[in-house]
Structures are given as structure tokens and as C-alpha cells.
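The block underneath contains the structure these notes are about, expressed in C-alpha cells.
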2 protein chains.
Amino acid sequence: MPSGVDKPALQVLHCLVEHVGPFREGEHLFRAHEAFGAIFAVRGGTVKTRLIDSLGREQVLGFYLPGEMVGLNGIHPDHYPCDAVALDSVYLCRFSFRALETLAARIPGIQQQLFRLLSKDIGVASLLAGDFSADERVAAFLVSIADRFAARGFSTSALHLSMPRSDIANYLRLAAETVSRVLRRFQDQGLISVAGREVKFTAPQALRALARNVLTT
Amino acid sequence: MPSGVDKPALQVLHCLVEHVGPFREGEHLFRAHEAFGAIFAVRGGTVKTRLIDSLGREQVLGFYLPGEMVGLNGIHPDHYPCDAVALDSVYLCRFSFRALETLAARIPGIQQQLFRLLSKDIGVASLLAGDFSADERVAAFLVSIADRFAARGFSTSALHLSMPRSDIANYLRLAAETVSRVLRRFQDQGLISVAGREVKFTAPQALRALARNVLTT
DNA sequence: CGGCGGCTTGAAGGACGTCAAGATTAGTGG
DNA sequence: CCACTAATCTTGACGTCCTTCAAGCCGCCG
């Protein structure tokens, strides 16, 4: 996770880490309003975060792939601001935040890294914030997932979506039918090839061009 | 600003504070990509933050009223991620961030406060993130501005919008014409009374009911 | 095999954007 | 004090993108 942390610091870190899992599809890592106690690094599987509003409607906030951190946004009010749900079999590293925080006071690298991760989460919301077309949103979503997998060494030409269309649609603030139609059109245009949740990139440049407006904002 | 900071700490703070201004309408507090050096507290006037994308289009990110902090989101990459522009005559307190950061290492209250302010900025984006109707967005905008003024002791029944319709529309991801139409309809429905940039709240409960879905997310 | 949930596809309707033209206001100089 | 200009704001007509509603399809598991 941190690049600028020396060896003794890493050894202290190991004391804080706890391997947990597996969580099965639909199980909760934590729930909204629970006391904030830890942040999690995904080792395997996929996690979605979501919020249920007063009318019972779900709002998908984000997806977390292997190598990414979940739960950071609970720091402020000392309780988690959303649910975290496993989308398939999920394995995690659990970091006790109390210990991490006191550690941060002693090792400047840690504190900076926390600030960095926090700030990064602010920027991610921009995928939703702008007034983008359905095409741009879906393209940006695919590119974003692909890039994050690629950063962890997975294939760059194909990927598996572990979430249903309805979750993608909800996350992108579109109707599930619209996502379906856009994927179909992308396939007809030769940009991708879709079979259920398996996606192959046949014209990655064109897809990236569509996504550019969204992701560079 | 901080409630849990004792008196000697406040005295140190005074050394970091520098009164600046006035900035006139259209003047920049800072610009995107500039080196990050300070955060600002608004003493008087209104500030908007915005981003100009590669195609030259403006994206309004937020408005800052007296008593609020601008520039926090520049912490991570060590340069400001957006422009900050005065909407009228603006007076500020300038906090050198380097000094603030070293101070934070010694006084735990400060560090917590910084984390708190950072996390708060994450949540604000939710006004834009959801798929809300134009009515809900405009209502939420008005309520949000009114509440923030109220928190500083200003009138709760009326307010002055210091930004043009186009900025409101851009911020809410709507067309300026739509904002105009919604305000007109709100007035026809007896919710508010609009005269240019002056807004009176004639049925605050009803307006708040409209905004609820947006703000409680 | 039969049912169920997720995915796809089509048709109709609505919400908002765009375009274009006025109305109002503020600011400026005579 | 008044006329003139230039933004800003409003209002209307029309088009478009996306949602909604409804039905059919596919794969999976009992």
C-alpha cells in the first residue's frame, strides 16, 4: 500500500493487520451507522458500498476491487456512512483504525498516506457529478474498472463484472435498461464484445475517447 | 472554527492567520495547478470554486459563505485542484498550511479538525451525485444556502444570492433556463418569493420537504 | 421440466436541454 | 436626471435523451 514507508514501520503494520473472510455474496462487511473501527483492504472479490435512503431506495456509491481500501470515509463522524456488501466471495485485510491513528502520529509517512487516500476518494465522485451522457458514463465505468484491474496486473483486454446490471445502472444514475442498450450499441459499433458479465475490449482507444470527458474532469 | 482547542493553541493560531482582501468580483483567490500553500476562511462575501475542462467549459464545484473554509481539497497533490473566484467583495483569513500541519502534529485537536473538515467536503458532493429532479435540486440548493447562513446568525426567512443563475445552474448540472423556470414555479406555488437575486421563504416546510430526499442522502 | 431472477428489447411518454426572442436590471456617460 | 448599452433573467416552442412500462428471452437451480 504505501511506497514511502520503511521496514520497521511495515513490521508495526503487520501487528495491526488481520485477515478476514470469506464473506459470501450479499453479506455485509459493515453497515451504515455502525461504530467506525477499522478500514479494509480487499484481497480478493468485489465489494460495493451503498446507502438506503428514507424511502428504502438503494444508492450505490462505489465498487472496490482487489488492492483497494474500503471504509475510509467513516473517519469523520466515527461511524460508517454507508453499507459495504460483498458481491461475490470476498477476502479482506482488516486494519484497526485506532492503532493506525496513533501510529500515524509517530510515523509521518502514514499520516500523509491517509490524507492521500482520503483526498483520492473525494475525486472519484466526479464520475457521477458531471452531466454526462449515458454513453460517456458507461464507457468511463468500463475504462475505470479495466484500468484498476490493470494496475493490479490483470488482463487489459477483458474483464469480468461481478455486479448485476442494476447495480451498475444505479451507480451511474441510469436505468438498468439504458445500460443494457448502451452495451448493446457499443458491441454493434465494435467497441466491445459482451456476453453476460464478460466484457472484451475490441477497440479500447475508441472507448477511452468516449470516457475522456468524464475521467479527465 | 475549532471548539475543542484551548487558549494557548489559539494564540499560536493567531500567528498563522493573515487577513487578506478585499478581492473584487471576478478576481481569483487561487488558480488550478498553483502550488498549494494555504487554506482560507471566508470573513465576508462569497467564493465559488470551479474547474475549466479541456474543452474550455466551466464546472462549478461549490460556493463558500462567510465562516466557511476554502482550499482544503488542495492538500493531497500539493497544488490546488480548482480555481477559487470571488463573486462579490470578498474578505478572507489566510492560514499557511505548512505551519498548520506542523502544529497539527503537536496538538491533536487540530489534526482531528482537519480530518473532520476534509471528510465533510466529501459529503457535500452528494447534492450533485444523486439522480434528482430539477425541483429537488433547486430546493436543496436554497435550503442548503439558507441553513448555512442561519448557522452564522443571518436571517432565516430571506437571503441574497450573490451568484448569477448560470452559476447556480452549472453547479446543479441544469440549464440556466430550467433554474429560472423552477424558481418561477416555486413562486407560483407559494413556496418562495423571488425578485432577482433576493429570495424570501414563504413556505419553508414545503421547500424543505422537497429538499429532504437530496440532503438526507 | 418448470420456475425464477437477471438480462434484453420495443414502444410511449416525460423531463430537461437547446434555440430564439423579449424583458428587466445595472452600469455608464452625457 | 436621462438615455444607452450590455448583462442577466425570463418565457415560449421544439427536439432529444432517457425513463417507464410491458413483454419476451436466457441461464441456472431446484
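In what follows, chains carry the letters A, B, and so on, assigned in the order in which the sequence lines appear, proteins first and then strands, with residues in each chain numbered from 1. All values reported here derive from a predicted model rather than from experimental measurement.
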Partners meeting ring-ring contact (aromatic ring centres under 6.0 Å, His included) with F149(A) (sequence neighbours left out):
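Per chain and number, F149(A) pairs via ring-ring contact (aromatic ring centres under 6.0 Å, His included) with F154(A).
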
Between [N] ([atom2]) and [X] ([atom1]): distance, integer Å:
X	N	atom1	atom2	answer
L183(A)	dC7(C)	CG	C1'	11 Å
D135(B)	dC16(C)	CG	P	7 Å
R24(B)	dG27(C)	CZ	P	13 Å
N170(B)	dG17(C)	CG	P	11 Å
F132(B)	dC16(C)	CZ	P	13 Å

Over its full length, what angle do the end axes of the helix from dC1(C)-dG30(D) to dA21(C)-dT10(D) make, each axis taken from five pairs and the result rounded to 10 degrees?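 Between the axes fitted at each end of the helix from dC1(C)-dG30(D) to dA21(C)-dT10(D) lies an angle of 30°.
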
Evaluation steps, ring-ring contact (aromatic ring centres under 6.0 Å, His included), between F40(A) and F95(A): CA-CA 6 Å; F40(A) 301 87; F95(A) 295 83; 8.8 Å; no

query = What residues in residues 187-195 of chain B put a non-hydrogen atom under 4.0 Å from any atom of DNA chain D?
reply =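 Close to the strand, none.
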
What's touching nucleotides 18-24 of chain C from the protein side, N or O pairs under 3.5 Å?
unit_1, atom_1, unit_2, atom_2, d
dT18(C), O4, R181(B), NH2, 3.0
dC19(C), N4, E177(B), OE2, 3.1

If the threshold is 4.0 Å, N to carboxylate O, is there a salt bridge linking [X] and [Y]?
X	Y	answer
R185(A)	D135(A)	yes
R137(A)	D131(A)	no
K48(A)	E58(A)	yes
R50(B)	D83(B)	yes
E177(B)	R184(B)	no

_Just checking H33(B): does its NE2 atom have more than 12 heavy atoms from other residues, nucleotides or ligands closer to it than 6.0 angstrom?_
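No, the 6.0 Å shell around NE2 holds no more than 12 heavy atoms from other groups.
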
In terms of ring plane angle, is the pair F30(A) and Y80(A) parallel, tilted or perpendicular, where the classes change at 30° and 60°? parallel

Distance-only polar pair, side chains of [X] and [Y], donor-acceptor under 3.5 Å:
X	Y	value
R148(A)	S144(A)	yes
E34(A)	H79(A)	no
R94(B)	H19(B)	no

| said: Give me the atom names and distance for the closest heavy-atom approach of M69(B) to L72(B). | reply: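 Closest approach of M69(B) to L72(B): CB-CD1, 4.1 Å.
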
* If you take all heavy atoms of S89(B) and R24(B), which pair is closest and at what distance? ->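 Smallest heavy-atom distance, with atoms named: OG-NH1, 2.7 Å.
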
Exercise for the section: At the 4.0 Å heavy-atom cut-off to chain B, mark where contacts on DNA chain D begin and end, going 5' to 3'. Expected result: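 The protein-touched segment is dT8(D) to dA13(D).
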
Listed pairs, N/O of protein and of nucleotides 3-6 of chain C, under 3.5 Å:
none

Is any side-chain heavy atom of L142(A) closer than 4.5 Å to a side-chain heavy atom of I192(A)?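 Yes, side chains in contact.
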
